[in-house]
Amino acid sequence: MTRSMLLAASAAALCLPHAAAAQHGLGMTMQMPDARVRANKTKTRKTMRVPVRTGAKAATPAPTTHGAVDQQAKSAPGATPAISTMSMDQRPMPDASMDRAAMDHAQMDHGAMTHAAMGHPMIADPAYRAASDAAVAKMPAGSAMAGMAMGTSAGFYSQGSGTSRLPAAEGPMRGYMTQAGGWMLMAHGYAWGVATDQGGPRGKSEAFVQSMAMLMADRDLGDRFHIQLRTMNSLEPLMGARGYTNLFATGELANDRPLVDRQHPHDLFMELAAKVDYRLGNGNTVFLYGGPVGEPALGPSAFMHRGSARYQPMSPITHHWFDSTHITYGVVTAGYATPAFQLEASAFKGREPDEHRWNIETPRLDSWSVRGTWTPSPFWAVQVSHGHLKEPEAQHPGEDENRSTASVQYARGGLATTFAYSLKDRVPGEKLSAFLAEATYELTPRHAVFGRLENVANDELFPDHDDPLHDRKFRVTKAEVGYAYRLPIVGPLGLALGGTVAAYAKPEALEAAYGKTPVSWTLFSKLAVGL
């Protein structure tokens, strides 16, 4: 009975982004003009009026330099005020003296805005708002609501996967937002058709569809507590257990055989978790995150949630160095967060998901990780993390793994980049390192270019024990570049059409298996809510 209810809920979540797109404009009373149009208009100054809860006292506008100050904290001489994480129905809006070039509010239809019903904070600090709006100006129309800050971030950073952070200058999370009672809902999702020819003797030509649907629900629980509920699902199990061809990718099993030169499909349940924040005042919080399916505090944000990988149709060949824990059956994370720093620790299940993709596996807490993240400005997010994973890979029974990662992410004006390093230390076993650099540059709201460079030491390319190259470590480099043309359809629903070309560098010992100079290409069509 429980499994049937979960499957039904997942099916509803997969349909929600499409239904939300059809209803766009009906569920929201906020008129959010396109940032490109606003930038070309003369900005008029006018006082914003915000509905206040019945019985609430009128609030005095906060200092314009730092935005709205947390009402839980008392200002001390020399102290830097922090942006409030109150809901819009609690927060005083900046007065007319605020810099409209940074606030970008002058062209809003304030008579139509129902801030009291929004339940979400707007980015009030001029520097962070300007950095976010510069990204919105390069997005397809309707992809995101300018100035929105999810959860308790108050715009100091953008939410990544799990509890990770992205630079605020990547812009707000993309998708459809609406109000449902006291909840603020956000939906994001895509159906991504890909045709590929992976070069060389081990390559293959094929077509497949990737998919993902995400639903987030936020609300305040009084003045101190904030809760966020999340579900993320995929229909990729329909591909079959062996997933799709991806040259030099390895990891996990299908039909009890190691997957080599293939990428496994995502599970039906990619996330089923909740996050509760408790406001300490002055912009600081403590939080607890977890659920039967979630992501521990290990590594940078997973690749499908990074702006730098927004239009990359293939998963990284370094996936199992950086992202393999993004679907984990059993996660509990506790942390302390400020606008500039976040320290967190997780307990989780170390074993990667099995080949049965439709079910929820038994949660277990047998592994741990710690992560520190620094977001010193709107443009940077720096993280270091370390974890101990209990027997993560089925093809390496009895081997635990110590994994260490470090990453730097930079974003500005439509550019999003990620530079990352990871070391897998098998116990007992090899030490295997990986490097990744990727970037997406949204040139205009229609045109985007992107690329990814990876270098990885891999000893799983020849799983046959009788092969003379079995268990040998080879360092492989993959370089891929691509282009995407974006077409808004209606509201947040849009289509991206594009393609990529990839080349590889490898040791001579691999020429017999992979050819001398394999080249791969893809063509894709990505239909997305929040393109």
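- Within the structure, ring pair (Phe, Tyr, Trp, His ring centres under 6.0 Å) pairs that include any residue of residues 402-435 comprise Trp380-Tyr410, Tyr421-Phe435 (at least two apart or interchain).
- Atom CZ of Arg364 is surrounded by 12 or fewer heavy atoms from other residues, nucleotides or ligands within 6.0 Å.
- A donor-acceptor pair shorter than 3.5 Å can be found between the side chains of Thr231 and Asn233.
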*Quick one: do Leu510 and Leu461 satisfy side-chain contact (heavy atoms from CB on, under 4.5 Å)? Show the steps, please.*
CA-CA 10 Å; Leu510 297 182; Leu461 296 174; 4.2 Å; yes
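- Taking Arg403 as the reference, Glu401 meet the salt bridge (Lys or Arg N to Asp or Glu O under 4.0 Å) condition, with sequence neighbours excluded.
- Just one residue in the list His320, Gln263, Arg262, His319 forms a side-chain contact (heavy atoms from CB on, under 4.5 Å) with Glu252, and that residue is His320.
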*Kindly determine whether Leu432 and Asp459 satisfy side-chain contact (heavy atoms from CB on, under 4.5 Å), including the steps that lead there.*
CA-CA 8 Å; Leu432 304 167; Asp459 63 355; 3.7 Å; yes
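- Between Pro518 and Leu247 there is a side-chain heavy-atom pair separated by less than 4.5 Å.
- Met186 approaches Gly175 most closely through the heavy-atom pair CE-N, 3.6 Å.
- A side-chain donor from one of Ser161 and Ser301 sits under 3.5 Å from a side-chain acceptor of the other.
- Put simply, the side chain of Val456 reaches to within 4.5 Å of the side chain of Trp321, judged on heavy atoms.
- Contact between Val293 and Phe269 at its shortest, heavy atoms only, is CG1-O, 3.5 Å.
- By the salt bridge (Lys or Arg N to Asp or Glu O under 4.0 Å) test, Lys473 pairs with Glu430, sequence neighbours left out.
- Looking only at side-chain heavy atoms (C-beta outward), Pro300 and Phe322 come within less than 4.5 Å of each other.
- Side-chain contact between Glu236 and Arg357: absent, with no pair of heavy atoms (C-beta onward) separated by less than 4.5 Å.
- Residues Asn284 and Thr338 bring no donor and acceptor atom of their side chains to less than 3.5 Å of each other.
- Listed by first then second residue, pairs satisfying salt bridge (Lys or Arg N to Asp or Glu O under 4.0 Å) with a partner in residues 337-350 read Glu344-Arg371, Lys349-Glu361, not counting sequence neighbours.
- Applying the salt bridge (Lys or Arg N to Asp or Glu O under 4.0 Å) test to pairs two or more places apart or on separate chains, those with a residue in residues 287-306 are Arg306-Asp323, Arg306-Glu438.
- A donor-acceptor contact shorter than 3.5 Å links the side chain of Thr440 to the backbone of Gly307.
- Contacts of Arg446 classified as side-chain hydrogen bond (donor to acceptor under 3.5 Å, both in side chains), with partners at least two apart in sequence or in another chain: Tyr485.
- Residues passing the side-chain contact (heavy atoms from CB on, under 4.5 Å) test with Ala254, sequence neighbours excluded: Ala241, Arg242, Leu259.
- Side-chain contact, His388 with Ser367: no donor N or O sits under 3.5 Å from an acceptor N or O.
- Residues meeting the ring pair (Phe, Tyr, Trp, His ring centres under 6.0 Å) test with His266, sequence neighbours left out: His326.
- Closest non-hydrogen pair, Ala131 versus Pro378, comes out as CB-CB, 3.5 Å.
- The pair Arg129-Asp133 meets the salt-bridge criterion, since a charged nitrogen lies less than 4.0 angstrom from a carboxylate oxygen.
- The two residues Met214 and His305 come nearest to each other via the heavy atoms SD-CE1, 4.1 Å.
- Electrostatic pairing of Arg279 and Asp277 does not count as a salt bridge here, judged by no charged N lying under 4.0 Å from a carboxylate O.
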Would you mind writing out the side-chain donor-acceptor pairs for residues 521-531 within the sub-3.5 Å range, not counting sequence neighbours?
unit_1	atom_1	unit_2	atom_2	d
Thr522	OG1	Thr500	N	3.4
Thr522	OG1	Thr500	OG1	2.6
Lys526	NZ	Arg310	O	2.9

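- Using a cut-off of 4.0 Å between Lys/Arg side-chain N and Asp/Glu carboxylate O, Glu480 and Lys478 are scored as salt-bridged.
- A donor atom on one side chain and an acceptor atom on the other are found under 3.5 Å apart for Thr318 and Glu454.
- A side-chain N or O of Glu460 and one of Thr250 form a donor-acceptor pair less than 3.5 Å apart.
- Nearest heavy atoms, Met239 versus Pro265: SD-CB, 4.2 Å.
- Remark: Thr152 OG1 to Ile227 CD1 distance equals 12.5 Å, nearest 0.5 Å.
- Between the side chains of Thr418 and Ser308, at least one donor N or O lies within less than 3.5 Å of an accepting N or O.
- Taking the six-membered ring wherever Trp is involved, the centroid distance between the rings of Phe450 and Tyr441 does not fall below 6.0 Å.
- Using a 4.5 Å cut-off on side-chain heavy atoms (C-beta onward), Lys138 and Ser143 make no contact.
- Judged as a ring pair (Phe, Tyr, Trp, His ring centres under 6.0 Å), the pairs with a partner in residues 270-302 (not counting sequence neighbours) are, in order, Phe225-Tyr278.
- A donor-acceptor contact closer than 3.5 angstrom links the side chains of Asp218 and His226.
- Of all heavy-atom pairs between Ser422 and Thr405, the closest is OG-CG2, 3.8 Å.
- In this view, Asp261 and Arg202 satisfy the salt bridge (Lys or Arg N to Asp or Glu O under 4.0 Å) rule, not counting sequence neighbours.
- In summary, the side chains of Thr517 and Tyr504 do not present any donor paired with an acceptor at a separation below 3.5 Å, with no hydrogens or angles considered.
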*asked:* Please evaluate residues Tyr311 and Tyr483 with respect to the criterion ring pair (Phe, Tyr, Trp, His ring centres under 6.0 Å), reporting the C-alpha separation (whole Å), side-chain torsions for both, the decisive distance (0.1 Å), and the verdict.
replied: CA-CA 8 Å; Tyr311 301 109; Tyr483 165 79; 9.7 Å; no
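- The CE atom of Met173 sits 5.5 Å away from atom CD of Gln159, with the distance rounded to the nearest 0.5 Å.
- Atom CH2 of Trp374 has 12 or fewer heavy atoms from other residues, nucleotides or ligands within 6.0 Å.
- Identified under the salt bridge (Lys or Arg N to Asp or Glu O under 4.0 Å) test for residues 144-169, with sequence neighbours left out: none.
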